[in-house]
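Down below is the structure, laid out as structure tokens.
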Number of protein chains: 2
Amino acid sequence: MPNSPEIQSDRRQAIRQILELGPAGTQQSLVDALTSQGFVATQSSVSRDLKELGAIKTAKGYELPGPGKGDEVAEVSGFLREIETAGPNLLVIKTAIGAAQRVALALDRSGWPEMVGNVGGDDTVLVATKNAAAQRNLLAKIDRACARG
Amino acid sequence: MPNSPEIQSDRRQAIRQILELGPAGTQQSLVDALTSQGFVATQSSVSRDLKELGAIKTAKGYELPGPGKGDEVAEVSGFLREIETAGPNLLVIKTAIGAAQRVALALDRSGWPEMVGNVGGDDTVLVATKNAAAQRNLLAKIDRACARG
DNA sequence: GTCTGACTCGCATAAATATGCACATATAAA
DNA sequence: TTTATATGTGCATATTTATGCGAGTCAGAC
């Protein structure tokens with residue numbers, strides 16, 4: 001029983017909030033917490049959500065990386081000029097002259113899993129992604145990072 | 001077949017070095033890497049080592065938190081005056097006057113798993129640990145952090 | 001309307017991780 | 001030395017997490 005895309009994003013927002021309060025020991029505990037908030041989800045979905053949110057597992061449980069993860073990209077957002085897809089698994093990012101290396105480095109450090117690798121030239125960065133879905137996600141994430149930066 | 005404590009610490013050092021090079025996807029891959037370096041270990045031990053090292057699991061695999069984790073404690077090391085054990089699971093930390101709160105906060109943020117909780121007074125912090133082993137480890141970690149700070 | 005393609009999800013299960021237990025060694029005490 | 005206590009380990013397994021697959025839903029094309 002698939003949900004509307006909205007429900008998914010609401011659920012992920014809820015997970016964010018729960019993790020703000022403190023680490024979640026197991027995915028099951030997150031499922032329970034979500035349930036008590038009226039969300040319906042299984043461990044499977046939570047597993048996928050956590051990956052998508054970029055959560056990390058520490059000795060205490062799941063946590064969201066503090067601000068500073070992904071912010072590397074926000075910091076260079078001023079250099080970005082244009083982003084286009086090229087085929088199903090390549091992004092072409094045009095940057096300010098000479099800024100491509102810096103942008104490429106920031107992307108590397110972001111730790112975003114949909115990115116397989118990238119190369120920075122002078123004013124262009126090529127980003128390889130696993131597939132079209134990853135390509136789409138990554139594009140969305142970069143957009144979001146820019147909105148913040 | 002238990003090992004001398006030295007082997008354990010060497011192995012953990014080796015794990016540190018391996019993780020410096022890049023994230024390890026699974027614990028088994030770490031076991032293999034260790035084996036090829038002449039260390040004998042099973043997944044069980046690696047699991048325990050990773051917890052002890054404070055490793056985190058990201059979408060890419062196991063990583064060591066960059067410098068900055070545990071450094072919270074290093075930053076307040078100047079306020080520390082004396083550390084003593086009290087029973088098998090309590091540490092009593094004497095600090096500079098008025099600094100106990102700040103030290104307690106730093107300890108909280110360190111994320112060290114052997115710490116169950118702590119309370120800061122004016123010049124004294126009480127730290128509760130699960131047991132004697134955790135007490136010893138924590139003491140060692142604080143010492144190490146101070147050496148750096 | 002039907003079709004098609006992209007997407008999300010749960011189920012079942014594969015894969016990975018954590019841990020209780022027993023034993024071997026080390027360490028300390030007597 | 002002998003004895004007692006503590007620690008580290010592997011094995012076996014419990015627990016937890018990830019994922020292949022099929023079903024359900026939606027949007028857009030026709």
Side-chain angles (χ1 to χ4, degrees), chain A residues 1-15 23-35 39-63 85 88-89 113-114 129-137 139-140, chain B residues 1-15 23-35 39-63 85 87-89 113-114 129-140:
Chain A
M1 85 201 28
N3 276 322
S4 77
E6 246 185 69
I7 302 233
Q8 184 187 55
S9 120
D10 285 354
R11 189 186 59 232
R12 289 182 179 166
Q13 192 53 40
I15 291 178
T26 69
Q27 296 182 358
Q28 188 57 48
S29 75
L30 270 175
V31 171
D32 295 343
L34 285 171
T35 301
F39 290 94
V40 185
T42 60
Q43 173 263 326
S44 310
S45 297
V46 171
S47 170
R48 293 186 259 244
D49 289 344
L50 287 172
K51 182 185 285 187
E52 188 57 33
L53 289 169
I56 62 178
K57 193 185 184 189
T58 70
K60 300 229 177 128
Y62 290 93
E63 297 180 38
T85 61
N89 63 339
E114 40 275 278
T129 59
K130 259 199 272 262
N131 50 46
Q135 185 194 52
R136 232 170 319 114
N137 280 337
L139 186 52
Chain B
M1 83 200 31
N3 277 320
S4 76
E6 247 185 70
I7 302 233
Q8 183 187 55
S9 122
D10 286 353
R11 188 186 59 232
R12 287 181 181 169
Q13 192 52 39
I15 291 178
T26 68
Q27 296 182 358
Q28 188 56 49
S29 75
L30 270 176
V31 171
D32 295 343
L34 285 171
T35 301
F39 289 94
V40 185
T42 60
Q43 173 263 326
S44 309
S45 295
V46 170
S47 169
R48 292 186 259 244
D49 287 345
L50 287 172
K51 181 185 285 186
E52 187 57 33
L53 289 168
I56 62 178
K57 192 186 185 189
T58 71
K60 300 227 175 127
Y62 290 93
E63 298 180 38
T85 61
N89 63 341
E114 40 275 278
T129 59
K130 258 197 272 262
N131 50 46
Q135 186 194 50
R136 233 171 316 116
N137 280 338
L138 187 58
L139 186 52

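Each chain gets a letter, A, B and so on, in the order the sequences are listed, and its residues count up from 1. Keep in mind it's a predicted model, so treat the numbers as computed, not measured.
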Item checked: Side chain to side chain, Arg11(B) and Ser45(B), heavy atoms closer than 4.5 Å -> yes

Check: Mind checking whether Tyr62(B) and Leu50(B) have side chains closer than 4.5 Å, heavy atoms only?
Finding: yes

Please determine whether a side-chain nitrogen or oxygen atom of [X] lies at a distance below 4.0 Å from atom OP1 or OP2 of [N].
X        : N       : value
Arg11(A) : dT8(C)  : no
Gln43(A) : dC11(C) : no
Ser45(B) : dG8(D)  : no

Item checked: For Arg12(A), all residues meeting side chain to side chain donor-acceptor pair (under 3.5 Å), sequence neighbours excluded -> Asp49(A)

Checklist line | side chain to side chain donor-acceptor pair (under 3.5 Å) against Glu52(A), all qualifying residues, sequence neighbours excluded | finding: none

Check: Going by atom types alone, do Gln28(A) and Gln43(A) pair a side-chain donor with an acceptor below 3.5 Å?
Finding: no

Provide, to the nearest angstrom, the distance between the [atom1] atom belonging to [X] and the [atom2] atom belonging to [N].
X        : N       : atom1 : atom2 : answer
Gln27(A) : dT15(D) : CD    : C1'   : 12 Å
Gln28(A) : dA18(D) : CD    : C1'   : 15 Å
Leu30(A) : dT16(D) : CG    : P     : 13 Å
Leu34(B) : dG8(D)  : CG    : C1'   : 16 Å

Check: Which one, dG10(D), dG10(C), dT17(D), comes nearest to the side chain of Val40(A)?
Finding: dG10(C)

Notebook entry, point to check: How close do Ala41(B) and Val31(B) get, heavy atom to heavy atom, and via which atoms?
Noted result: O-CG1, 3.4 Å

Next item on the list: Indicate, yes or no, whether a donor-acceptor pair under 3.5 Å links the base of dC11(D) to the side chain of Thr42(B).
Entry: no

Next item on the list: Give Ser44(B) one of three labels, base, sugar-phosphate or nothing, depending on what nucleic acid heavy atoms sit under 4.0 Å from its own.
Entry: base

Note to self: So if I take residues 46-56 of chain A and measure heavy-atom distances to DNA chain D, which residues fall below 4.0 Å?
What the structure shows: Ser47(A), Arg48(A), Lys51(A)

